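What follows is a set of notes on a single structure, which appears directly below.
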Amino acid sequence: MEWKPEQIRLAVAQQLKTDSLLGIQDVPMHIEAPSMSRATAAQPAADPLEDSGRTEQLQILNRTSVVGCTKCGLASTRTQTVFGQGSSAPRLVFVGEAPGYEEDKKGLAFVGKAGQKLTDMIVAMGLTREDVFICNVLKCRPPNNRDPSAEEILACRPYLQQQLQILQPEVVVALGAPAAKTLLNTAQGIGKLRGRFHDLYLSGTEGVGPSIPAMPTYHPAYLLRNPAEKRKAWDDLQMVMALLGLERPG
Ligand code: URA
């Protein structure tokens with residue numbers, strides 16, 4: 001059966017509402033969505049109803065599953081969860097690693113120094129932060145900004161998959177190795193992965209269901225420490241711009 005994007009979104013909303021009514025906190029790994037059409041997702045948010053439907057689904061996901069999540073030990077060390085923010089009908093989604101100190105305090109993704117760098121990258125692409133959606137693999141800050149553990153990533157990954165299933169972006173930029181490895185199910189390093197598009201399967205399983213292109217690139221925090229690598233990151237972002245048909249601002 002050919003599913004229309006609106007039907008998929010309604011099914012997701014229904015599932016989340018049912019889960020909420022049943023008191024189920026876990027987010028399903030995959031909701032059957034056989035024909036998410038990239039061509040349709042490519043349309044800008046012209047229909048405010050469609051947009052508000054996604055906003056509602058994101059809110060339901062956040063309120064019923066993420067805010068009170070206790071699936072890993074970070075629940076006891078976080079100040080609050082950081083769901084992510086931006087357009088609910090974005091053409092482009094940026095996925096980072098995990099909230100840091102500032103993000104944990106404010107409840108928003110990428111609002112510290114790395115966030116400023118990410119803003120610069122977005123503006124260089126001719127976009128604003130409001131045009132895109134920005135989130136992380138982990139929704140909670142690891143203490144002292146240590147690397148996320150494999151268990152934490154496994155526990156949190158369904159939330160990211162659910163976000164992407166609702167948002168239906170045309171392209172995802174994975175910022176840094178943890179995001180790229182999580183989204184692409186690979187152990188390869190960021191240096192090997194960056195510079196070309198990869199298929200990101202929304203189901204989380206290679207070859208199953210629809211996929212969208214993902215561009216791995218360097219994390220903004222890495223670029224702050226290694227400015228010589230900015231050229232490569234810019235090359236990656238220009239490939240994303242070409243895919244989206246974006247002009248470099250004059
Ligand atoms: N680094 C990340 O990966 N995400 C943030 O939100 C902030 C810093």
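These figures come from a predicted structure and were not determined experimentally. Just so you know, residue 1 is the first one in the sequence shown, and it goes up from there. Just follow the structure's listing: the first ligand is 1, and inside any ligand the first atom is 1.
Nearest to atom 4 (N) of ligand 1 among the protein's heavy atoms is N136 OD1, 2.7 Å.
For A179 against V137, the heavy-atom pair with the smallest separation is CA-CG2, 3.6 Å. The two residues L246 and M125 have their closest heavy-atom pair at CD1-O, 4.0 Å.
Applying the 4.0 Å criterion to heavy atoms of E97 picks out, from ligand 1, the atoms 2 (C), 3 (O). Taking every non-hydrogen atom of G96 and a distance limit under 4.0 Å, the qualifying atoms of ligand 1 come out as 3 (O).
Polar contact check, F110 against ligand 1: a nitrogen or oxygen pair lies under 3.5 Å apart.
A cation-pi arrangement is present between K71 and Y159 under the rule of less than 6.0 angstrom and at most 45 degrees off the ring axis.
In this model, a donor atom of one side chain and an acceptor atom of the other lie less than 3.5 Å apart for Q163 and K139.
The shortest heavy-atom distance from G115 to ligand 1 is not under 4.0 Å. For A109, the closest heavy-atom approach to ligand 1 falls below 4.0 Å.
Within the 4.0 Å heavy-atom criterion, the part of H219 lying near ligand 1 is the side chain and not the backbone. With a 4.0 Å heavy-atom cut-off, ligand 1 is reached by the backbone of A98 but not by any atom from C-beta on. Only the side chain of E103 comes within 4.0 Å of ligand 1, counting heavy atoms alone; its backbone N, CA, C and O stay farther away.
A salt bridge is defined here as a Lys NZ or Arg NE, NH1 or NH2 lying under 4.0 Å from an Asp or Glu carboxylate O, and E152 with R146 meets this definition. The pair K232-D236 does not count as a salt bridge, with every side-chain nitrogen at least 4.0 angstrom from each carboxylate oxygen.
Taking the six-membered ring where the residue is Trp, the centroids of F94 and H219 are separated by 6.0 Å or more.
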